Amino acid sequence: MITSAARRNGRVLGLLAWLCGLVFFLPFAWMVLTSLHSETHAATNPPSLGVGLTLQGYREFFGSDTGVSPWPPLINSLTASVASTLLVLALSIPAAYALSIKPVRKWSDAMFFFLSTKMLPVVAGLLPVYLIAQNTGLLDNIWLLVILYTSMNLPIAVWMMRSFLAEVPREILEAASIDGAGLLTTLRRIVAPVAAPGIAATALISFIFSWNELLFARVLTGVVAGTAPVFLTSFVTSQGLFLAKVCAAAVCISVPVLLAGFAAQDKLVQGLSLGAVK
């Protein structure tokens, strides 16, 4: 029976959860509101709230006034993010299977190696990567970003997938082995359906990290392979910071990630709960 103290604690925790949600949501809401103002009203301090709204910032983002289309950078970001995410899943699931369900020798050393690759600051590897790309003719090439994003997200994906696959019931795997299922069949028909929430969570996080990456894209790309974050920085010019235009561009570039998050929110929660430490 639920006591009054438990109900009171539940209400307090619910209120705190709503407050935390509002704290995280308010900056985005403020950015959306700023994007709907003119540059004059957006630049006031504090920003004007009781003025008319306009879509001028969005028209400029889509090139109605400047003639510069945002679609090539958006397509480049989508290509790099989706391709790298698929590669990450294709590599991390078998690796996690070997490290959890069919553990290899000294698997803990392998897990530490994956983790150690994230200890080097990204900027420290920028110059070597640039020189390699320059010598191999891969500068301003979208497939270079696919390779880099795959290598950057793979260690995190392996750690996540190992946690998820460790929750797969061993009885199901033993039954599949008795029925003569091979490795690929086991992965495709047994492991993948059971660990689907974890796979969705890993894919979503890899997609978000790839979509938002700026440093490598800014240095290693130019006209052909520039991504959406790089295109966003082009709105900061020597003439000044046009706040309404920058906020409109940021909102538009954030939409794919938000849609992916909303579409996979159930799977994301299930996946993170599946891999939780009990």
Side-chain angles (χ1 to χ4, degrees), residues 61-63 66-96 110-162 199-237 246 249-250 252-261 264:
F61 172 76
F62 286 103
T66 61
V68 180
S69 174
W71 293 113
L74 290 173
I75 293 174
N76 286 336
S77 282
L78 186 64
T79 301
S81 301
V82 172
S84 64
T85 299
L86 292 176
L87 284 175
V88 164
L89 293 179
L91 296 173
S92 64
I93 293 175
M111 294 296 293
F112 177 77
F113 170 75
F114 281 117
L115 184 62
S116 66
T117 60
K118 303 298 295 182
M119 297 179 183
L120 179 70
V122 176
V123 69
L126 188 59
L127 180 59
V129 171
Y130 180 87
L131 294 177
I132 292 174
Q134 185 180 45
N135 293 331
T136 55
L138 289 177
L139 285 178
D140 202 15
N141 190 314
I142 194 62
W143 296 109
L144 174 63
L145 294 183
V146 172
I147 296 172
L148 290 175
Y149 293 167
T150 301
S151 63
M152 291 167 60
N153 294 328
L154 187 58
I156 298 175
V158 171
W159 270 81
M160 291 183 63
M161 287 306 307
R162 184 192 177 277
I199 295 174
T202 304
L204 180 60
I205 290 177
S206 297
F207 178 84
I208 292 174
F209 285 172
S210 299
W211 183 273
N212 292 336
E213 199 281 324
L214 173 63
L215 182 60
F216 280 117
R218 186 72 180 87
V219 175
L220 300 176
T221 64
V223 179
V224 177
T227 59
V230 176
F231 182 71
L232 177 60
T233 62
S234 67
F235 287 91
V236 182
T237 65
V246 171
C252 293
I253 291 173
S254 302
V255 166
V257 174
L258 293 175
L259 292 178

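In what follows, every heavy atom counts, from backbone to side chain, and hydrogens, waters and symmetry copies are set aside. Residues take their numbers from the sequence shown, with the count starting at 1. No experiment lies behind these values; they were computed from the predicted model shown.
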Nearest heavy-atom pair of [X] and [Y]: which atoms, and what distance?
X      : Y      : result
Val146 : Thr150 : O-OG1, 2.7 Å
Asn153 : Ser210 : ND2-OG, 2.9 Å
Cys252 : Pro256 : O-CD, 3.5 Å
Arg162 : Ala96  : N-CB, 3.4 Å
Leu138 : Asn141 : O-CB, 3.1 Å

Side-chain donor or acceptor of Ser84 paired with backbone N/O of Ser81 under 3.5 Å: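 Yes: the side chain of Ser84 pairs with the backbone of Ser81.
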Any donor-acceptor pair under 3.5 Å from Ser77 side chain to Leu74 backbone: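 No, because the side chain of Ser77 does not come within donor-acceptor range (under 3.5 Å) of the backbone of Leu74.
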Indicate yes or no: at least one non-hydrogen side-chain atom of [X] is less than 4.5 angstrom from one of [Y].
X      : Y      : result
Ile253 : Trp211 : yes
Phe61  : Phe231 : yes
Leu154 : Thr117 : no
Phe216 : Leu144 : no
Phe209 : Met152 : no
Val122 : Leu126 : no

To the nearest 0.5 angstrom, please state how far the [atom1] atom of [X] sits from the [atom2] atom of [Y].
X      : Y      : atom1 : atom2 : value
Asn76  : Leu145 : CG    : CG    : 8.5 Å
Phe207 : Leu86  : CZ    : CG    : 10.5 Å
Met119 : Ser116 : CE    : OG    : 6.0 Å
Thr202 : Met161 : OG1   : CE    : 5.0 Å
Trp143 : Leu148 : CH2   : CG    : 13.5 Å
Leu89  : Ile199 : CG    : CD1   : 7.0 Å

Sole residue of Val82, Thr85, Leu87, Ile156 in side chain to side chain contact (heavy atoms under 4.5 Å, CB included) with Ser206: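 With Ser206 as partner, Val82, Thr85, Leu87, Ile156 yield a single side chain to side chain contact (heavy atoms under 4.5 Å, CB included), made by Thr85.
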Show which side-chain atoms of residues 217-230 pair as donor or acceptor with protein atoms under 3.5 Å away, not counting sequence neighbours.
unit_1, atom_1, unit_2, atom_2, d
Thr221, OG1, Ala217, O, 2.3

